[in-house]
Amino acid sequence: MTKKSKEANCQFEESAIGRESEQKWDDCQEGAYQKNAMERCEDPGLRYAADKEAAMEQEPQKDTNDEGLAWEEIRTEHIVQDEWIDFRRSAYRFPDGSVFEPYYSYSRKDYVVIVASDTAGKYLCVRQYRQGIGKVTTEFPAGCIEEKDGKKHSTSKKTLAKDALEAAKRELKEETGYESDEWEELLTIPSNATLADNYAHLFVAKNCRRASGQELDETEFLNVKKLTPAQIEEWIAEGKFQQAVHIAAWLLALRK
């Protein structure tokens, strides 16, 4: 081996030794980091994940900052309590010990909202008068989960998924005359978390087909209107699609 070859070989070996030392140092640092992370996780009851995939599988932990935020109900008076609504006036003690009254809240039946499309890709909407805003609105088929669906008036018992689905199928057929074999639940969400304790169950129904005429209740007066996705987007932007939970259902349906 020539002198030049020996020098080159020696430099290569030194470089390889240097890289190996750096790798050992990196491994040592990573090991120390993991040990430190695991020790930190032990106190609050967390688990350390060594890689991103394992980290994604960990369940979110309860936010300890929520402690001391709950209100304490002191007393409640039922102002109206019938088959339609349980309207209450209550007094609450705040976390700082002060008392506030009156605070008004209510219970109503859980309900369903159905984002339904036919075989041509148009969406089944309904036009009906809404007394709250004094206007005829455009919205998706929707309705309460009745006792015949397995749901009582009281919202203290959680609505079963099968009861909500049965209600959705019934409401779609009653209001539009359409049926579907392709159902998917989108989300169950509080109807009005500030004042009410009932929930909205949101569904998607695809490839709906006409099975009969409308079967409306005695208090229902509505017309069916089919809209394209572009029309729904336009009407939402212009404030013509005026049910907030229905808009949420639409946005969730677009993600499917």
Any chance the side chains of E175 and Q128 put a donor and an acceptor closer than 3.5 Å?
no

Please round to the nearest 0.5 Å and tell me the distance separating atom NZ of K169 and atom CH2 of W183.
7.5 Å

State, yes or no, whether a side-chain contact exists between L202 and E185 at a heavy-atom distance under 4.5 Å.
no

Minimum side-chain heavy-atom gap V224-Q214 below 4.5 Å:
yes

Check R209 with D118, please: is the shortest side-chain N to carboxylate O separation under 4.0 Å?
no

May I ask whether V126 and L227 are part of the same hydrophobic cluster, defined by side-chain heavy atoms of I, L, V, M, F, W, Y residues being less than 4.5 angstrom apart, directly or through others?
no

Do R130 and E139 sit within salt-bridge range, that is, some charged N less than 4.0 Å from a carboxylate O?
yes

Say whether D217 and T219, considering side chains only, have a donor N or O and an acceptor N or O under 3.5 Å apart.
no

Minimum heavy-atom distance between E171 and C144, given as atom pair plus value
OE2-O, 3.9 Å

In terms of the angle between their ring planes, are F140 and H246 parallel, tilted or perpendicular, with boundaries placed at 30° and 60°?
parallel

Is there a side-chain contact between D110 and H201, using heavy atoms and a 4.5 Å cut-off?
yes

Test Y106 against L195 for side chain to side chain contact (heavy atoms under 4.5 Å, CB included), laying out the working first.
CA-CA 6 Å; Y106 63 89; L195 299 175; 4.0 Å; yes

Donor-acceptor pair, T176 side chain versus L172 backbone, under 3.5 Å?
yes

E182: salt bridge (charged side-chain N to carboxylate O under 4.0 Å, His left out) partners, not counting sequence neighbours:
none

Chi angles and distances behind the side chain to side chain contact (heavy atoms under 4.5 Å, CB included) call for S117, N207
CA-CA 6 Å; S117 57; N207 290 315; over 6 Å; no

Common cluster, Y178/V204, ILVMFWY with side-chain heavy-atom separation under 4.5 Å
no

Hey, what do you get for CD (E101) to CD (E77), rounding to the nearest 0.5 Å?
10.5 Å

Measuring only between side-chain heavy atoms, which start at C-beta, is K109 closer than 4.5 Å to I145?
no

When you measure from the side chain of S180 to the backbone N and O of K206, does any donor-acceptor pair fall under 3.5 Å?
yes

Separation between CD1 of I232 and CZ of F241, rounded to the nearest 0.5 Å:
5.5 Å

For K225, what residues pass the salt bridge (charged side-chain N to carboxylate O under 4.0 Å, His left out) criterion, not counting sequence neighbours?
none

Donor-acceptor pair, D66 side chain versus L69 backbone, under 3.5 Å?
no

The reported gap from CZ in F87 to CD1 in I79 (rounded to nearest 0.5 angstrom) is 5.0 Å

Worked verdict on C125 versus K226 for side chain to side chain contact (heavy atoms under 4.5 Å, CB included):
CA-CA 6 Å; C125 299; K226 292 185 178 182; over 6 Å; no

Can you find a side-chain donor-acceptor pair between T138 and R127 that sits under 3.5 Å?
yes

Quick one: are F94 and V99 in side-chain contact, heavy atoms under 4.5 Å?
no

H78 vs R89 side-chain heavy atoms within contact, under 4.5 Å
no

Quick check: is V113 connected to L187 through a chain of hydrophobic side chains (ILVMFWY, heavy atoms under 4.5 Å apart)?
yes

At what distance, to the nearest 0.5 angstrom, does OH of Y104 lie from OG of S90?
10.0 Å

When the ring planes of W250 and Y123 are compared, do they come out parallel, tilted or perpendicular, using 30° and 60° as the limits?
perpendicular

What's the spacing between F203 CZ and I114 CD1 if we round to 0.5 Å?
8.0 Å

Assess whether side chain to side chain contact (heavy atoms under 4.5 Å, CB included) is satisfied between T137 and Y129, documenting all intermediate values.
CA-CA 6 Å; T137 65; Y129 181 77; over 6 Å; no

Show the nearest heavy-atom pair for residues R108 and I85, with the distance to one decimal.
CG-CG1, 3.9 Å

Anything under 30° is parallel, anything over 60° is perpendicular, the rest tilted; go ahead and classify Y103 against Y92.
perpendicular

Treating E238 as the side-chain partner and W235 as the backbone partner, does any N or O pair qualify as donor plus acceptor under 3.5 Å?
no

Connected via hydrophobic side-chain network under 4.5 Å: L124 and I247
no

So do S107 and R88 actually touch side chain to side chain, heavy atoms under 4.5 Å?
yes

So do the side chains of Y111 and V245 get within less than 4.5 Å of each other, counting heavy atoms only?
yes

E166/K162 salt bridge by N-O under 4.0 Å criterion:
no

